[in-house]
Amino acid sequence: MSSLQFYNSLTRQKEVFSSLIPGRVGMYVCGPTVSGESHLGHARPFITFDIVYRYLRHLGYQVRYVRNITDAGHFEEEGRESEDKISKKAILEKMEPMELVQKYTNLFHWAMREFNNVEPSIEPTATGHIVEQIVMIQRIMADGYAYEANGSVYFDVEKYHRDFSAKGMQYGILSGRVLDDQLETTRELESQEEKRNKADFALWKHAAPEHIMRWQSPWGEGFPGWHIECSAMSNKYLGAEFDIHGGGMDLQFPHHECEIAQSAVCNHQIPAKFWLHNNMITINGRKMGKSYNNVIKLSELFSGSHEILTQAYSPMTVRFFILQTHYRSTLDFSNEALQAAEKGLRRIWEAFTQLNKFVVLDNNISAGDPDLEQHCFEVLSALDDDMNDDLNTAKVLAGLFELVPVINSIKDGLIKNNALTTATMLLMKEKFNTFLVDIFGLKDEKKHDDQKLGAVLQLIADIRKDAREKKDYATSDKIRNQLLEAGIQLKDEKDGGLSWVLV
RNA sequence: GGUCCUGUGGCCGAGUGGCUAGGCAGAGCUCUGCAAAAGCUUCUACAGCGGUUCGAAUCCGCUCGGGACCUCCA
């Protein structure tokens with residue numbers, strides 16, 4: 001079997017993954033800013049890195065997964081009205097800042113549960129780590145890479161770049177940007193006079209009087225800059241160097257670039273070995289964003305209450321939709337694509353459910369159908385390699401889909417139950433369970449473990465069977481059609497039996 | 001303007017220098033009282049133009065199109 005490879009944004013190539021400490025992995029993923037409700041775009045990184053987390057654990061690693069909550073509110077680009085997003089909205093809604101932050105944090109957690117994401121090991125908040133951030137800023141200042149101006153502190157990008165280029169940690173190492181170009185192309189902004197250089201970024205920002213969220217610091221009352229929280233918290237919980245840093249591609253610059261600079265000054269090394277970035281979800285070819293007015297909130301997605309949506313899409317449908325694409329490709333949203341995902345998921349899930357019901361022959365060592373046996377074995381064997389190849393979940397799913405007709409044919413008796421060896425049948429069961437449930441985190445949203453409902457349906461099925469035998473098709477069709485309207489689909493099986501699924 | 005990514009059949013999407021991706025939709029057939037489900041078969045591809053090569057959707061160049069980042073952003 002191949003070994004796990006990730007595409008490392010830092011080196012711009014696929015690399016075999018090995019952890020710094022054998023058997024253990026430290027992973028930091030940039031979490032949400034809880035100044036508003038999470039939208040469809042947020043689903044991608046958190047599902048993607050949930051897969052990374054699940055897969056690493058599946059491979060036997062003990063993983064510490066740190067995903068922060070940004071609740072301190074990053075200020076806008078310097079030069080514009082300095083305003084804290086969270087504070088501004090809090091005033092509008094007449095809520096305490098922390099009350100607002102709590103509300104959206106709760107909503108975020110709700111969405112994560114809906115998606116069946118495993119909780120991170122540590123979920124630190126920015127507001128809970130103000131002290132760590134201040135200490136880190138002080139260290140950067142002590143080394144001469146930051147300066148104070150009017151109660152704000154800025155990172156001296158040019159000096160950092162000059163000194164650290166020789167150490168292989170130039171500013172732009174992650175994003176591929178050239179600092180000199182940056183200096184020329186950065187837009188002219190108002191009130192830049194505080195900064196020595198246009199490329200400098202804020203570590204600490206002086207709080208204007210109307211600013212509600214504020215903390216005491218050596219530089220007066222203010223709040224932390226955009227990038228320092230992730231550096232401070234990843235350093236605290238994962239150390240100076242850890243294995244994986246993840247996030248959306250849009251965070252690569254400036255956010256992650258700045259994190260590297262901050263950590264490099266403090267710890268003299270790039271904080272993470274592997275930098276993984278998921279691509280964006282687009283709607284009609286455009287990234288979701290307030291400026292495009294095409295933001296679909298997760299609650300709207302699940303309920304279908306957005307004008308773009310022609311129907312509601314369940315969390316598992318969305319999860320499956322995301323898994324059908326490689327995480328580094330853009331994924332374009334459309335109702336048609338989501339509906340295709342919904343049907344595809346149902347098809348594979350029903351086959352999976354069926355597979356789990358099969359009673360495997362005890363000692364079938366010679367396949368009744370050698371060609372099929374070989375085909376199945378090859379497909380099953382390729383799954384791990386595809387997953388190891390930078391998490392090609394799309395290809396793994398395609399492989400599993402190839403086996404769906406086999407499963408259905410066995411069920412319908414079109415393929416004899418001795419066609420495949422016991423070993424292959426058991427392998428098939430194992431792989432379906434491992435990938436769909438353990439690694440992909442899919443679950444049955446229509447689970448019907450209600451025994452009373454089962455009994456009622458069994459009765460109805462018997463009545464319908466009697467009606468059909470009497471050729472009373474009016475009755476049998478009425479039962480079938482009305483149940484379908486109620487969301488229960490009856491299926492007449494080849495053997496004369498009858499099964500049902502919730503739709 | 002700068003940096004980078006991308007262009008696959010009706011839709012969504014994998015993909016490697018030569019070997020069926022897969023899903024959804026469509027068509028035909030089988031099964032069925034009729035459906036549904038399922039099975040089998042099947043139609044539409046690799047933006048365009050050059051080049052490298054025995055051979056390219058896959059490598060290179062150009063043209064055209066789309067997108068991301070450069071500003072909070074998943």
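Letters go in sequence order (proteins before strands), and every chain restarts at 1.
The same atom, C1', is picked in B:rU8 and in B:rC69; the two are 26 Å apart, to the nearest Å. Remark: the separation of the C1' atoms in B:rC59 and B:rC46 is 16 Å, to the nearest Å. Here, B:rG2 and B:rU44 have their P atoms 43 Å apart, quoted to the whole Å. Look at the P atom in both B:rA45 and B:rA38: the space between them is 27 Å, to the nearest Å. Nucleotides B:rC12 and B:rA21 place their C1' atoms 14 Å apart, quoted to the nearest Å. B:rG15 sits 15 Å from B:rU58 when the P atoms are compared, rounded to a whole Å. Comparing the C1' positions of B:rG13 and B:rU30 gives a spacing of 30 Å, expressed to the nearest Å. Between B:rC54 and B:rA14, the distance separating the two C1' atoms is 28 Å to the nearest Å.
Atom CG in A:L338 sits about 12 Å away from atom C1' in B:rC11, given to the nearest Å. Note: CG (A:L331) to C1' (B:rA14) measures 13 Å, nearest angstrom. A straight line from CD1 of A:I322 to C1' of B:rA74 spans 10 Å, rounded to a whole angstrom. A:F320 has its CZ atom 17 Å from the P atom of B:rC12, to the nearest Å. Taking atom NE2 of A:H255 as the reference point, atom C1' of B:rU71 lies 15 Å away to the nearest angstrom. A:K198 has its NZ atom 16 Å from the P atom of B:rG2, to the nearest Å. If you take CD of A:Q324 and C1' of B:rA25, they are 14 Å apart, rounded to a whole angstrom. Straight-line distance from the CG atom of A:D332 to the P atom of B:rC5: 21 Å, rounded to whole Å.
At a cut-off of 3.5 angstrom, the base of B:rG15 holds no donor-acceptor pair with the side chain of A:N392. Applying the 3.5 Å distance criterion, the base of B:rA35 shares a donor-acceptor pair with the side chain of A:R480.
For A:K491, the side-chain atoms get nearest to B:rA36 when compared with the rest of B:rA25, B:rA36, B:rC69. For A:A337, taking side-chain heavy atoms from C-beta onward, the closest of the listed nucleotides B:rC34, B:rC12, B:rA74 is B:rC12. Considering only side-chain atoms of A:P254, the nucleotide from B:rG22, B:rC34, B:rC70 that sits closest is B:rC70. Closest to the side chain of A:D250, from the set B:rA74, B:rA21, B:rC11, is B:rA74. Here the nucleotide nearest the side chain of A:T325, chosen from B:rA14, B:rC24, B:rC69, is B:rA14. Among B:rA14, B:rC73, B:rA36, the nucleotide with an atom closest to any side-chain atom of A:Q489 is B:rA36. The side chain of A:R177 lies closest to B:rC69, out of B:rC34, B:rG10, B:rC69. Out of B:rC34, B:rC70, B:rC73, the shortest distance to the side chain of A:D477 is found at B:rC34. Taking every side-chain heavy atom of A:K287 into account, B:rC69 is the closest of B:rC69, B:rC12, B:rG23. In this structure, the nucleotide among B:rC70, B:rA14, B:rC11 sitting nearest to the side chain of A:E336 is B:rC11.
Under the Watson-Crick and G-U wobble criteria, each requiring two contacts below 3.5 Å, nucleotide B:rC69 is paired to B:rG2. The base-pairing partner of B:rC40, taking Watson-Crick or G-U wobble contacts with both distances under 3.5 Å, is B:rG28. Across all strands shown, nothing is found opposite B:rC46 as a Watson-Crick or G-U wobble partner with both distances under 3.5 Å. Remark: B:rG17 base-pairs with no nucleotide; criterion is Watson-Crick or G-U wobble with both hydrogen-bond distances under 3.5 Å. A 3.5 Å limit on both hydrogen-bonding distances identifies no Watson-Crick or G-U partner for B:rG33. Nucleotide B:rG9 forms a pair with no other nucleotide shown, judged by Watson-Crick or G-U wobble geometry with both contacts under 3.5 Å.
Ring pair A:H256/A:H227: centre-to-centre distance not below 6.0 Å.
Within 4.0 Å of A:H277, counting heavy atoms only, lies no atom of the nucleic acid at all. Residue-level contact check: A:N481 touches neither bases nor backbone, having no heavy atom under 4.0 Å from any strand. Base engagement by A:A398 is indicated by at least one non-hydrogen atom pair under 4.0 Å involving a base atom. At a threshold of 4.0 angstrom between heavy atoms, the contacts of A:E402 are confined to the sugar-phosphate backbone, with no base atom among them. Using a 4.0 Å heavy-atom criterion, one finds that A:M280 contacts the bases of the nucleic acid, with or without backbone contacts as well.
For B:rA25, the OP1/OP2 oxygens have a side-chain nitrogen or oxygen of A:K343 closer than 4.0 Å.
Where A:A394 and A:R346 meet RNA chain B, the nucleotide closest to each residue was compared, and A:A394 sits on the side nearer the 5' end. Where A:F46 and A:S329 each meet RNA chain B at their nearest nucleotide, the meeting point lying more 5' is that of A:S329.
Aromatic ring pairs are classed by plane angle as parallel below 30°, tilted from 30° to 60° and perpendicular above 60°; the pair A:F320 and A:F401 is perpendicular.
Stacking between A:F401 and B:rG23 is absent: the aromatic ring centre is not both under 5.5 angstrom from the base six-membered ring centre and within 30 degrees in plane angle.
Here the options are A:Q262, A:E259, A:Q133, the test is side-chain hydrogen bond (donor to acceptor under 3.5 Å, both in side chains), and the partner is A:S231; only A:Q262 passes.
There is a side-chain donor-acceptor pair under 3.5 Å between A:Y154 and A:E194.
Other residues, nucleotides and ligands contribute over 12 non-hydrogen atoms within 6.0 Å of the NZ atom of A:K429. Within a 6.0 Å sphere centred on CZ of A:F302, heavy atoms belonging to other residues, nucleotides or ligands number more than 12.
Judged purely by atom type and a 3.5 angstrom limit, A:H245 has no side-chain atom pairing as donor or acceptor with the backbone of A:W275. Proximity of a side-chain donor or acceptor of A:N197 to a complementary backbone N or O of A:D200 within less than 3.5 Å is not detected. No donor-acceptor distance shorter than 3.5 angstrom exists from the side chain of A:S2 to the backbone of A:N388, with no hydrogens or angles considered.
A salt bridge links A:E350 with A:K491: at least one charged nitrogen is closer than 4.0 Å to a carboxylate oxygen.
Residues passing the side chain to side chain donor-acceptor pair (under 3.5 Å) test with A:R328, sequence neighbours excluded: A:D390.
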If a protein heavy atom is under 4.0 Å from the base, mark B; if only from the sugar-phosphate, S; if neither, -; do that for nucleotides 39-45 of chain B going 5' to 3'.
SS-----
